[in-house]
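Below, each value reflects all heavy atoms present in this structure, side chains not excepted, and no hydrogens, waters or symmetry copies. Every number for a ligand or one of its atoms is a count from 1 in the order of the listing.
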Amino acid sequence: MKKEFVIIGLGRFGGSIVNELVELDADVMAIDISPDRVDEFAHIATTAVAADTTDESALRSLGIRNFEHVVVAIGENIQASILTTLILKEIGVKRITVKAQNDYHAKVLRKIGADQVVHPERDMGKRIANNLVSNNILDYLELSDEYSIAEIRANEKLAGFTLIELDIRAKYGVNIVAIKRGAQILVSPQAIEEIQLNDILIVIGSDLDIHRFEKKALH
Ligand code: ATP
């Protein structure tokens with residue numbers, strides 16, 4: 001059975017989620033208050049509907065409750081985003097993901113029961129900044145305020161050594177959870193695995209430890 005999603009707010013963020021979900025063969029109901037935006041997605045989404053989602057009866061009449069997951073991608077109008085989330089929660093939607101505009105917005109969303117709060121601009125800014133400060137950090141994914149996953153390119157200082165020789169976990173407090181080597185991916189590499197030049201190490205740890213590892217082990 002296909003997965004079913006509702007995306008509310010068809011700006012750049014919501015719109016790109018709709019496009020991607022359709023590519024991934026999911027059923028998508030796309031909703032926006034603006035009929036022009038809805039028209040844009042009429043031939044892309046499974047159904048596209050013009051509705052004000054702060055109107056509870058409008059939301060109920062769309063049968064939102066039957067969908068597995070609803071994404072609220074209303075950005076600038078924080079009031080509409082909060083009210084929509086509150087109504088979805090009251091209707092009994094099982095899983096709600098909401099785009100937050102700032103930290104206060106995120107706090108309120110968590111308080112009223114949003115299952116997942118995302119900050120796309122902030123997170124993307126962080127990923128790009130980490131990549132800018134270090135040529136070795138290829139990507140950076142925040143798991144929480146404190147912990148992240150980073151993709152770090154192995155240089156000549158690491159190449160030729162096994163994980164046990166480098167003793168990365170004890171020395172830096174980070175774990176190598178996988179190694180990308182060309183098209184190959186070694187998941188949970190063994191301690192005797194020898195790192196090769198240009199391997200991409202997928203490391204998990206606190207931001208502090210990841211940066212310590214990147215600074216000390218690679219320079
Ligand atoms: P992006 O950066 O993703 O383009 P944004 O931060 O500019 O988004 P907005 O344009 O404020 O976000 O909102 C996204 C969409 O949400 C808009 O297309 C807007 O019409 C829609 N929207 C706003 N309020 C409501 C509402 N009450 N009901 C349904 N859709 C709404």
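- At the shortest separation from atom 11 (O) of ligand 1 among protein heavy atoms lies E76 N, 2.9 Å.
- Residue contacts with ligand 1 for L10 involve N, CA, C or O but no side-chain atom from C-beta outward (heavy atoms, distance under 4.0 Å).
- The nearest protein atom to atom 3 (O) of ligand 1, hydrogens excluded, is given as F13 N, 2.7 Å; this is a heavy-atom distance.
- Counting heavy atoms of neighbouring residues, nucleotides and ligands inside a 6.0 Å radius, atom CZ of R169 does not exceed 12 of them.
- Grouping the Ile, Leu, Val, Met, Phe, Trp and Tyr side chains by contacts below 4.5 angstrom, directly or via other members, places L186 with V203.
- Listed for the N131 side chain is a donor-acceptor partner under 3.5 Å among the backbone atoms of I137.
- Remark: side-chain polar atoms of N130 are not paired, donor with acceptor, to backbone N or O of Y140 under 3.5 angstrom.
- Ionic pairing of D209 and R212 is present here: one or more N-O contacts between side-chain nitrogen and carboxylate oxygen are shorter than 4.0 angstrom.
- Between V28 and A45, the shortest heavy-atom distance links the atoms O-CB, 3.6 Å.
- Within ligand 1, counting atoms from 1 as listed, the ones closer than 4.0 Å to a heavy atom of A73 are 14 (C).
- The heavy atom nearest to atom 10 (O) of ligand 1, out of those in Q79, R12, R37, is found in R37.
- Counting only heavy atoms of the protein, atom 16 (O) of ligand 1 lies nearest to G9 CA, 3.3 Å.
- Interface atoms of ligand 1 facing D52, defined by a heavy-atom separation under 4.0 Å, are 26 (C), 27 (N), 28 (N).
- Counting only distance, with no hydrogens or angles, the side chain of R65 and the backbone of I91 share a donor-acceptor pair below 3.5 Å.
- The shortest contact between atom 19 (C) of ligand 1 and any protein heavy atom is with D32 OD1, 3.5 Å.
- For ligand 1 and A51, the ligand atoms under 4.0 Å from any heavy atom of the residue are 28 (N), 29 (C).
- Of the protein's non-hydrogen atoms, G75 N, 3.3 Å is the one closest to atom 12 (O) of ligand 1.
- When hydrogens are left out, the protein atom nearest atom 30 (N) of ligand 1 is I33 N, 3.1 Å; that is the closest non-hydrogen contact.
- Ligand 1 places these atoms under 4.0 Å from at least one heavy atom of K99: 1 (P), 2 (O), 3 (O), 6 (O), 8 (O).
- Around atom NZ of K216, no more than 12 heavy atoms belonging to other residues, nucleotides or ligands sit under 6.0 Å away.
- Set against the non-hydrogen atoms of T54, the atoms of ligand 1 under 4.0 Å away are 27 (N).
- Of all protein heavy atoms, the one lying nearest to atom 23 (C) of ligand 1 is I74 CG2, 3.7 Å.
- Checking only distances, S34 never comes within under 3.5 Å of ligand 1, N or O to N or O.
- Test I74, T53, L10, V70 against I31 for side chain to side chain contact (heavy atoms under 4.5 Å, CB included) and you get one pass: T53.
- There is no path of hydrophobic side-chain contacts, each under 4.5 Å, that joins L21 to V6.
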